[in-house]
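Throughout, residue positions are numbered sequentially from 1 according to the sequence presented.
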Amino acid sequence: MSFYMKKPIPIEAYQITVENAEELAAWSNSVVTKRPDGTISGMMVLTLEGAMTGSVGDYLIRGVRGEHYFCAKSIFEETYEKVE
């Protein structure tokens with residue numbers, strides 16, 4: 001069995017909120033998803049693997065090749081730390 005460590009590559013990421021979802025949709029060429037009552041529930045983006053949805057509270061990440069994808073808040077906070 002082999003073990004690997006993720007390379008320390010800075011990424012650009014934003015947590016999805018009701019207030020910034022429209023702005024993030026424009027930034028990532030994705031669409032905002034809404035509940036039947038019209039409130040924002042999250043976003044949908046086309047990734048290298050197909051369509052992916054993220055919810056308010058998740059993070060939207062731009063990868064090293066310019067691709068966008070979502071990461072659940074709990075996993076993001078365990079995996080990444082902010083770089084100043």
Side-chain angles (χ1 to χ4, degrees):
M1 181 181 289
S2 299
F3 293 91
Y4 296 87
M5 183 176 292
K6 194 178 245 186
K7 294 178 183 180
I9 300 170
I11 51 100
E12 190 172 2
Y14 300 94
Q15 189 171 25
I16 302 167
T17 66
V18 171
E19 295 78 22
N20 71 5
E22 297 287 349
E23 181 181 352
L24 290 179
W27 173 71
S28 62
N29 197 28
S30 61
V31 296
V32 172
T33 56
K34 296 183 178 183
R35 296 180 186 92
D37 68 1
T39 59
I40 293 173
S41 61
M43 299 173 63
M44 184 177 68
V45 67
L46 291 178
T47 71
L48 299 174
E49 290 82 30
M52 182 179 193
T53 58
S55 300
V56 169
D58 291 346
Y59 283 80
L60 176 60
I61 298 171
R62 183 187 337 223
V64 296
R65 295 188 177 149
E67 75 281 12
H68 292 93
Y69 57 95
F70 300 105
C71 184
K73 180 182 183 219
S74 59
I75 295 170
F76 184 88
E77 291 174 349
E78 287 180 27
T79 309
Y80 296 94
E81 60 185 34
K82 193 168 187 175
V83 177
E84 299 299 328

Check: Pairs in or reaching into residues 35-46: which pass side chain to side chain donor-acceptor pair (under 3.5 Å), with residues at least two apart or in two chains?
Finding: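 Of all non-adjacent pairs touching residues 35-46, those that pass side chain to side chain donor-acceptor pair (under 3.5 Å) are Thr33-Ser41, Arg35-Thr39, Asp37-Thr39.
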
Notebook entry, point to check: For residues 70-79, which residue pairs qualify under side chain to side chain donor-acceptor pair (under 3.5 Å), counting only residues two or more places apart or in two chains?
Noted result: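 Qualifying pairs: none.
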
Connected hydrophobic set around [X], excluding itself, where side chains approach under 4.5 Å:
X: Leu46; result: none
X: Phe3; result: Met1
X: Ile75; result: none

Looking only at heavy atoms, which two atoms of [X] and [Y] are closest? And how far apart?
X: Val56; Y: Thr17; value: CG1-CA, 4.1 Å
X: Ile16; Y: Gly54; value: CD1-C, 4.4 Å
X: Val32; Y: Ala21; value: CG2-O, 3.6 Å
X: Met43; Y: Leu24; value: CE-C, 3.7 Å

Next item on the list: Please collect all ring-ring contact (aromatic ring centres under 6.0 Å, His included) contacts where either partner lies in residues 23-52, sequence neighbours excluded, each pair once.
Entry: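 Residue pairs with at least one partner in residues 23-52: Tyr14-Trp27, Trp27-His68.
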
Counterpart residues, side-chain contact (heavy atoms from CB on, under 4.5 Å), relative to [X] (two or more places apart):
X: Glu23; value: none
X: Arg65; value: Glu67
X: Thr53; value: Met44
X: Ile11; value: Ala13, Ile61, Phe76, Tyr80

Check: Has the side chain of Gln15 got a donor or acceptor atom that lies under 3.5 Å from a matching backbone atom of Gly57?
Finding: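 Side chain of Gln15 to backbone of Gly57, a donor-acceptor pair under 3.5 Å: yes, one is there.
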
Checklist line | salt bridge (Lys or Arg N to Asp or Glu O under 4.0 Å): pairs with one or both residues in residues 43-62, sequence neighbours excluded | finding: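 Qualifying pairs: Glu12-Arg62.
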
Notebook entry, point to check: Residues two or more places apart in sequence or in another chain: which of them pass side chain to side chain donor-acceptor pair (under 3.5 Å) with Ser55?
Noted result: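 Residues passing side chain to side chain donor-acceptor pair (under 3.5 Å) with Ser55: none at all.
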
Margin query: To the nearest 0.5 Å, what is the distance between CE on Met52 and CZ on Phe70?
Written below: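 These two atoms lie 7.0 Å from each other.
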
